[in-house]
Amino acid sequence: MLIPRMMIRAANDDFSVGLEELFNAAIAENRSTVRSAAALAAGLVAVVLLCRMVAGHEKSLPLRATSLVGSVGITAACAVSLRAMIGLGTETISKITDCSLLMLPALASAEVSSGAPGTAGALYSGTVFFSNLLLVLISKVLVPLVYLFIGLATANAALANRLLEAMRDFLSWLITGCLKTVLYVYIGYLTISGVISGSADAASVKATKAALSNTVPVVGSVISDASESVVAGAAMLKSSLGVSGMLAVLGICAAPFLKIAIHYLILKVTKAVCGTVGEDNHVQLIGDLSSAMGFLLGMTGTCALIALLSTVCFMKAVGA
């Protein structure tokens with residue numbers, strides 16, 4: 001395992017060096033991911049070009065036949081990667097939740113020992129509720145909806161049906177709305193409880209807001225709205241748990257998040273390239289598949305933020 005070795009080395013080093021090693025390890029671990037994603041992009045471009053050539057030269061061939069074959073071919077080419085990334089995302093989310101739930105009882109006990117049993121009970125109940133709610137929501141509802149979204153996007157690209165398009169757009173709105181609602185409610189809960197207060201400087205808040213808003217699809221704007229708490233919480237977590245603790249929190253989701261992000265970005269670039277030569281419905285389908293990857297990034301980012309802020313809640317409550 002790369003993360004434990006880095007944590008041991010980081011015990012005698014500063015946080016920036018440990019973070020750099022974590023980043024380098026995650027990049028090295030995902031070199032094969034870049035190659036496989038690039039191969040997928042090349043395959044998608046080939047399918048789109050072939051369909052365009054056939055549609056342009058075979059005037060007697062119905063356009064819908066070309067759309068159908070091309071749409072099925074695009075989704076089939078992405079099927080293995082989509083299934084692998086969905087499985088990786090749900091596994092990472094489960095690990096983040098398990099790690100959080102393992103730490104919370106110990107943190108709650110420390111808070112009770114410090115003389116605040118009421119606050120400990122409220123924080124423990126709230127954080128466990130939101131963690132479990134998000135895990136169940138993602139595994140039982142949102143992941144099946146992502147599969148359904150992919151199916152509807154494929155059918156819409158093949159048949160160009162307005163009802164299918166409306167259903168696809170509704171699922172996109174539903175998945176996005178569910179994630180944003182859970183995160184908004186959780187951040188509202190933290191704000192009302194007053195456990196986390198923003199104490200970061202304005203420059204850090206501004207930089208973090210810009211980075212988070214552009215990095216995490218779906219929920220980036222929600223996270224950026226809470227950037228002051230994120231910056232303050234990250235600083236508190238570093239000072240409370242030390243370098244090794246911070247790297248452990250980041251190490252859970254760094255490599256999987258990067259792997260899904262690579263596929264997401266590659267599909268975005270592929271859509272842009274195919275937009276110059278391909279049929280509109282095929283280009284839109286590739287964009288929808290990249291949106292599916294974006295949903296996974298949003299789910300993973302939401303779980304990671306809840307785990308981080310939950311830990312920070314207890315750290316501040318016990319005065320760590």
Side-chain angles (χ1 to χ4, degrees), residues 40-41 43-44 47-48 51-52 55 62-90 93 133-185 216-222 260-261 263-275 278-303:
L40 173 62
L44 292 177
V47 170
V48 170
C51 290
R52 184 63 179 264
L63 181 59
R64 179 164 294 182
T66 307
S67 297
L68 176 62
V69 173
S71 300
V72 173
I74 289 171
T75 303
C78 295
V80 174
S81 293
L82 285 168
R83 178 176 293 184
M85 293 304 101
I86 290 174
L88 178 63
T90 53
I93 290 166
L133 172 64
L134 193 57
L135 180 61
V136 172
L137 180 66
I138 289 174
S139 61
K140 302 298 183 182
V141 179
L142 297 186
V143 168
L145 287 181
V146 170
Y147 280 113
L148 182 57
F149 172 84
I150 294 170
L152 288 173
T154 304
N156 177 62
L159 304 175
N161 184 279
R162 289 187 177 182
L163 177 60
L164 292 173
E165 182 180 1
M167 293 174 65
R168 179 206 63 188
D169 293 341
F170 172 75
L171 280 183
S172 177
W173 172 84
L174 182 61
I175 295 170
T176 302
C178 287
L179 286 175
K180 286 185 176 182
T181 298
V182 171
L183 198 50
Y184 269 129
V185 173
V216 185
V218 181
V219 295
S221 60
V222 183
I260 300 172
H263 283 83
Y264 172 75
L265 293 174
I266 288 292
L267 286 175
K268 284 287 189 183
V269 173
T270 304
K271 178 188 177 183
V273 172
C274 291
E279 301 288 340
D280 291 341
N281 57 337
H282 293 156
V283 175
Q284 180 60 50
L285 176 56
I286 295 174
D288 290 337
L289 296 177
S290 70
S291 296
M293 294 291 185
F295 294 150
L296 295 174
L297 285 177
M299 295 175 196
T300 307
T302 301
C303 287

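Any value given below was found using the heavy atoms of this structure, including those in side chains, with hydrogens, waters and symmetry copies removed.
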Trainee: Would you sort out whether Tyr264 and Leu297 count as a side chain to side chain contact (heavy atoms under 4.5 Å, CB included), showing the intermediate values?
Mentor: CA-CA 9 Å; Tyr264 172 75; Leu297 285 177; 3.9 Å; yes

Trainee: Measure the CG-CG distance between Leu171 and Leu148 for me, rounded to the nearest 0.5 Å.
Mentor: 5.0 Å

Trainee: Quick one: do Ile266 and Leu40 satisfy side chain to side chain contact (heavy atoms under 4.5 Å, CB included)? Show the steps, please.
Mentor: CA-CA 9 Å; Ile266 288 292; Leu40 173 62; 5.8 Å; no

Trainee: For the SG atom of Cys303 and the CG atom of Leu137, what is their distance to the nearest 0.5 Å?
Mentor: 9.5 Å

Trainee: So which heavy atom on Ile260 is nearest to which on Met293, and how close?
Mentor: CG2-O, 3.8 Å

Trainee: Identify the two heavy atoms, one from Leu44 and one from Ala77, that lie closest to each other, and give their separation to 0.1 Å.
Mentor: CD2-CB, 4.0 Å

Trainee: Ser290 side chain to Gly287 main-chain N or O, any donor-acceptor pair under 3.5 Å?
Mentor: yes

Trainee: For Cys78 versus Leu267, what's the shortest heavy-atom pair and its separation?
Mentor: SG-CD2, 4.4 Å

Trainee: Please assess Phe149 against Ser291 for the test side chain to side chain contact (heavy atoms under 4.5 Å, CB included), listing each intermediate value before the final yes or no.
Mentor: CA-CA 10 Å; Phe149 172 84; Ser291 296; 4.3 Å; yes

Trainee: Considering all heavy atoms of both residues, which atom of Cys274 and which atom of Ile286 are nearest to each other, and what is their separation?
Mentor: SG-CD1, 3.8 Å

Trainee: How long is the span from the OG1 atom in Thr90 to the CE atom in Met85, to the nearest 0.5 Å?
Mentor: 11.0 Å

Trainee: Atom CG in Leu145, atom CD1 in Ile138: separation rounded to 0.5 Å?
Mentor: 12.0 Å

Trainee: Sort and list the pairs that fulfil side-chain hydrogen bond (donor to acceptor under 3.5 Å, both in side chains) and have at least one residue in residues 144-168, not counting sequence neighbours.
Mentor: Thr75-Thr154, Arg168-Asp288

Trainee: How long is the straight-line distance from CZ of Arg83 back to CD1 of Ile150, given to the nearest 0.5 Å?
Mentor: 10.5 Å

Trainee: Calculate, to the nearest 0.5 Å, the distance between atoms CG and CG belonging to Leu68 and Leu159 respectively.
Mentor: 7.0 Å

Trainee: List the atom of Leu179, the atom of Gly298, and the distance in Å for their closest heavy-atom pair.
Mentor: CD1-C, 4.0 Å

Trainee: Any side-chain heavy atom of Leu142 sitting closer than 4.5 Å to one from Cys178?
Mentor: yes

Trainee: Would you indicate whether the side-chain heavy atoms of His282 and Cys51 approach each other to under 4.5 Å?
Mentor: yes

Trainee: Taking all heavy atoms of Leu285 and all of Ser71, pick out the closest pair and write down the distance.
Mentor: CD2-O, 3.5 Å

